[in-house]
Amino acid sequence: MKYLDEFSDPDLAAGLLEQIHASVTRPWALMEVCGGQTHSIIRHGIDQLLPDGIEMIHGPGCPVCVTPLETIDRALAIAAQPDVIFCSFGDMLRVPGSGRDLFTVRSEGGDVRVVYSPLDAVRLARENPDREVVFFGIGFETTAPANAMTVRQARRLGLRNFSLLVSHVLVPPAIAAIMEAPRCRVQAFLAAGHVCSVMGTGEYPPLAAKYRVPIVVTGFEPLDILEGVRQAVGQLEAGRHEVRNAYPRAVRDEGNPAAMAMLRDVFEVTDRTWRGIGMIPGSGWRLAERYREFDAEHRFAVGDVRTAESPLCRSGEVLQGLLKPDECAAFGTRCTPRNPLGATMVSSEGACAAYYAYRRLS
């Protein structure tokens, strides 16, 4: 497949690995921020090909995994209402809330539908004017522009029965929180390329300078990952802490100005709780006041919920890079994709799901 196979070339990968091995003189711990990068690393065994001293720490960059439990519970409460069509991407349906998941709500009669675009939810709202249509808008800077566009489209069409349950989170505040955590071992970051394709790289230099940590914008194919590691290790060995773009085919330093303008129009920054991690100041988006009529949380008055996380689930430590998935006692036994204790096991970008799919039998 053109434009993908080129970035899985084994001879080029061997060359990059040779350079990495030749440059390493001491142990280093690198965190890949995005769950998509985690899956690529585990699927291709990249972490096992690196020098013994290079440890890949898996970061919190899975949008499904970090969606807070209280928001999941609010989604369940809204979806269970008889006049609601609740729309979501498929990977949210099995994510456990405090007592059940969206699949359970659907089995109990709730009208929960999987959509492939937030605009599908707008179409459903037009086709069902006598029912409330709610879209579960989660994710990082990557997915937020499409959801922002959906709200604008709903207003343009004059829809009164469409709303968004918002749980968007931002990467740079999470990097700061990781670096300020008492048990932090991260010495360099592989930043998520798709996030930077929207937001650019301008938010990273202050972080690299403040925490004296290299940040390399990295893609998702094997050669992308290896090049990101090569550049990060090169900086660490040289005592530098700079922001580098190792994904120039997709990322421009200025990002996508049109998408950023739409985000600034529709959303405003807010404090946000990350599941398994806790509240990170300024790490989320909510609908701006001028679009508050499309906020499902206000429309359905589901702000007051009681949550109860599984006492067996250690996904919070996995998301902070403090625990490898297979170091959890419940991994692969009491916690599986069919019966997950936490979102990291069921999400398509979850670290536990990656280990279960590619590393479980090793």
Side-chain angles (χ1 to χ4, degrees), residues 34-45 47 58-80 85-116 134-139 143 165 167 220 274-277 305-362:
C34 175
Q37 293 170 332
T38 301
H39 272 251
S40 185
I41 289 168
I42 303 303
R43 178 182 182 184
H44 297 286
D47 57 328
H58 313 313
C62 165
V64 172
C65 302
V66 300
T67 299
L69 184 59
E70 55 264 37
T71 303
I72 301 290
D73 286 348
R74 288 176 186 131
L76 297 170
I78 294 171
I85 301 174
F86 192 88
C87 302
S88 171
F89 295 136
D91 51 2
M92 288 301 299
L93 268 62
R94 198 178 289 279
V95 175
S98 292
R100 52 183 180 169
D101 56 27
L102 285 168
F103 269 128
T104 304
V105 172
R106 186 158 74 177
S107 71
E108 295 170 348
D111 193 347
V112 178
R113 304 190 190 187
V114 173
V115 296
Y116 298 96
V134 182
F135 179 71
F136 202 175
I138 71 159
T143 56
L165 182 60
S167 185
F220 305 89
W274 295 48
R275 188 170 191 175
I277 298 176
V305 295
R306 291 186 176 182
T307 61
E309 190 71 85
S310 166
L312 300 175
C313 184
R314 302 182 68 183
S315 61
E317 295 168 86
V318 173
L319 289 167
Q320 297 175 72
L322 303 175
L323 184 78
K324 292 288 194 301
D326 56 358
E327 295 172 346
C328 173
F331 175 81
T333 54
R334 285 171 290 183
C335 182
T336 67
R338 281 189 172 274
N339 295 289
L341 295 176
T344 51
M345 178 56 84
V346 71
S347 167
S348 61
E349 294 188 19
C352 297
Y355 274 69
Y356 191 89
Y358 305 118
R359 194 64 57 80
R360 179 167 50 105
L361 300 178
S362 63

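- A donor-acceptor contact shorter than 3.5 Å links the side chain of S40 to the backbone of F220.
- For C313, the side chain to side chain contact (heavy atoms under 4.5 Å, CB included) partners at least two apart in sequence or on another chain are S310, S315, L341.
- Summarising the geometry of A343 relative to R275, their closest heavy-atom pair is CB-NH1, 4.4 Å, with the distance given to 0.1 Å.
- In terms of heavy-atom proximity, S347 sits nearest to C65 at CB-SG, 3.8 Å.
- Remark: the backbone N or O of G350 is paired with a side-chain donor or acceptor of H39 at under 3.5 angstrom.
- Residues satisfying the side chain to side chain contact (heavy atoms under 4.5 Å, CB included) test with R334, not counting sequence neighbours, are L312, A329, A330.
- Considering only heavy atoms from C-beta on, Y358 stays 4.5 Å or farther from H44 through its side chain.
- For the atom pair I138 CD1 and F89 CZ, the distance stands at 8.5 Å (nearest 0.5 Å).
- In terms of heavy atoms, F86 sits closest to I78 at CD1-CG2, 4.0 Å.
- Within the 4.5 Å cutoff, side-chain heavy atoms of C328 are placed close to those of L323.
- You'll find the side chain of P60 reaches within 4.5 Å of the side chain of I277, heavy atoms only.
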Table please: side-chain donor-acceptor pairs of residues 90-104 below 3.5 Å, with sequence neighbours left out.
from: S98; atom 1: OG; to: D73; atom 2: OD2; distance (Å): 2.5
from: S98; atom 1: OG; to: A308; atom 2: N; distance (Å): 2.8
from: R100; atom 1: NH1; to: E108; atom 2: OE1; distance (Å): 2.7
from: D101; atom 1: OD1; to: F103; atom 2: N; distance (Å): 3.2
from: D101; atom 1: OD1; to: T104; atom 2: N; distance (Å): 2.8
from: D101; atom 1: OD1; to: T104; atom 2: OG1; distance (Å): 2.9

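- Summarising the geometry, atom CZ belonging to R106 is positioned 10.5 Å from atom CZ belonging to R113; distances are rounded to the nearest 0.5 Å.
- Taking CD of E349 as the reference point, atom OG1 of T38 lies at 8.5 Å (rounded to 0.5 Å).
- For the atom pair CD (E70) and CD (E309), the distance works out to 10.0 Å, reported to the nearest 0.5 Å.
- Here the SG-CG distance, from C62 to L319, works out to 7.5 Å after rounding to the nearest 0.5 Å.
- Here the shortest heavy-atom pairing between T67 and F136 reads CG2-CZ, 4.1 Å.
- Minimum heavy-atom separation, F331 to C352: CE1-O, 3.5 Å.
- Taking 4.0 Å as the cut-off between side-chain N and carboxylate O, D47 and K324 do not count as a salt-bridged pair.
- T344 is not listed as a side-chain neighbour of Y356, based on a closest heavy-atom distance of 4.5 Å or more.
- With values rounded to the nearest 0.5 angstrom, L165 atom CG is found 8.5 Å from I72 atom CD1.
- R359 has its side chain out of reach of P325: every pair of non-hydrogen atoms, C-beta onward, lies at least 4.5 Å apart.
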